[in-house]
There are 2 protein chains.
Amino acid sequence: MLAQTRSDPAASAHDRVFRGLRTRIMHGDMLPGQALTLRGIGKEFGVSMTPAREAVRRLVAEGALSMSASGRVATPELSHDRIEELAALRTLIEVELASRALPRAHMALIERLQTINSGLTEMIQRQDPVGYIRTNLEFHRTLYLRAQAPAMLALTETVWLQLGPTMRQHYGRLKRKALPPYHRMIIAALRAGDEPGLRLAVRSDVTQGLKMLLS
Amino acid sequence: MLAQTRSDPAASAHDRVFRGLRTRIMHGDMLPGQALTLRGIGKEFGVSMTPAREAVRRLVAEGALSMSASGRVATPELSHDRIEELAALRTLIEVELASRALPRAHMALIERLQTINSGLTEMIQRQDPVGYIRTNLEFHRTLYLRAQAPAMLALTETVWLQLGPTMRQHYGRLKRKALPPYHRMIIAALRAGDEPGLRLAVRSDVTQGLKMLLS
DNA sequence: GCGCGGGATTTGTGATCACAGATGAAACAT
DNA sequence: ATGTTTCATCTGTGATCACAAATCCCGCGC
């Protein structure tokens, strides 16, 4: 077993490959335009072409990978318009998810969010873009899980997935010094039970990330 | 070629299968819980198991089909909560799409919508649930295409897809007599350039459909 | 009549293979 | 030196096969 990414070893081959690639793409392990081959993926995960192909198909279906007319597979290079649209979708759905999570947010959740947020500071100090993206998504996912809306969360993750390589490209090159301010604002709004404030904070957080991507 | 559904014959085998199944599911050709087998699909489309499996994987990834632990595939049976969540997603995204389409909606579009809408009346008279669902989706898609937001439209279609079998089940049994009123309201709001009215009309249209599904 | 084994059959999984088209690099001509 | 052609190689596609697990069905026992 060449690349067993500490996940369920009982899972089927194509599922291991799928999850492995998906995590890598969403967390920004790959740059936009990076090419992949079925045989290469198969060798990396110790499987044949068949499960590699199935995993790639699923990822293409989710927009995590793009496929040329000849069947060549690569991480997508997004246009400006597409980035804006995906950010608008993030705003739309994530504001709703946060709003639904608010009445269910108790102290333990808020403390967990603060812990994750301090982990984010560490990633900035380490200048670790992949760790930063992963921890940032963990912050959002932890909050949204409380919304008890699996279909919405799944759709949001689809959008994150599509933005993964692009986010990596931009977070990789600019040297961040400070934590984005809106996470604190989200936590404060949760603590205060302030729904309009929470909606605004989430919207601002996503928008600020978008501006960074378009700069 | 056993089932060439008048689509691009140059497309690859798995794509033909994928599109064929996807259309059938979205338009309500199948009831919830209906089982499928890879060999059966392959025979129906005149291909081997390999492209059938790839098509199924894509559809499972989109939530159009559900897969048991043993790999068995069937159309999903949605819980009440899931239906409500999907309807909320429809509202969120479709209101946004309609709003974005509004400034671009000219007379030709409005006339096309009216033509589609009268086709809908015909489907009701014929008591043709599949035709009704297909035409209804065509109405919405025609409007949303104007929004120039492909990622949003794609996500909306994913939601339609998940609701397809459930919609069929309910539209199949209750005998509709009249056209739902909100399509006319959508057209009127488009004509008047009334954005708040359009948002309300789309929201009402989706909500009314939801109530029908939960009754 | 009803529940329960047990074997035949169905079904999904993943590896392998032949094939066609795309890709890329080297050799040639200008 | 540059552009073009040609050929070896790479890559995705789809069919087939062996295998294991799940499912189904028939008959037995109660």
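Order of the sequence lines sets the chain letters (A, B, ...), proteins ahead of strands, with each chain counted from 1.
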Residues Glu84(B), Lys211(B): salt bridge by 4.0 Å N-O rule: no
Rounded interatomic separation in angstrom, taking CZ from Arg57(A) and P from dT13(C): 16 Å
d(CD1, Ile41(A); C1', dG14(C)) in whole Å: 16 Å
N-O pairing of Glu138(A) and Arg134(A) below 4.0 Å: no
Cationic N near anionic O, under 4.0 Å, Arg58(A) to Asp15(A): yes
Per Met67(B) side chain, nearest of listed nucleotides dG12(D), dG14(D), dT13(C): dT13(C)
Nucleotide dT9(C), atom P - distance to CG of Leu38(B) in whole Å: 21 Å
Sugar-phosphate only, base, or nothing, as touched by Ser70(A) at under 4.0 Å among non-hydrogen atoms: sugar-phosphate
Sugar-phosphate only, base, or nothing, as touched by Leu36(B) at under 4.0 Å among non-hydrogen atoms: sugar-phosphate
Selection from dA15(D), dA15(C), dG14(C) that lies nearest to any side-chain heavy atom of Val47(A): dA15(C)
Among dT13(C), dA15(D), dG12(D), the one nearest Met49(A) by side-chain distance: dG12(D)
DNA chain C: 5'-proximal contact among Gly71(B) and Ser48(A) (nearest heavy atom): Gly71(B)
Check: Phe45(B) and Leu21(B) side chains under 4.5 Å, non-hydrogen atoms: yes
Between P of dT13(C) and CZ of Arg39(B), the distance in whole Å: 11 Å
Whole-Å gap separating P (dG12(D)) and CD (Glu54(B)): 12 Å
base_contact_polar (dG12(C) base, Arg53(B) side chain, donor-acceptor, <3.5 Å): no
Rounded interatomic separation in angstrom, taking CZ from Arg16(A) and P from dT13(C): 14 Å
Sugar-phosphate, base or nothing in reach of Thr37(B), heavy atoms under 4.0 Å: sugar-phosphate
Quiz item: Arg72(B) side-chain donor-acceptor pair to dG12(C) base, under 3.5 Å: no
Spacing of Leu65(A) atom CG relative to dT11(D) atom C1', expressed in whole Å: 16 Å
Heavy-atom donor-acceptor pair, Thr91(B) side chain to Arg203(B) backbone, under 3.5 Å: no
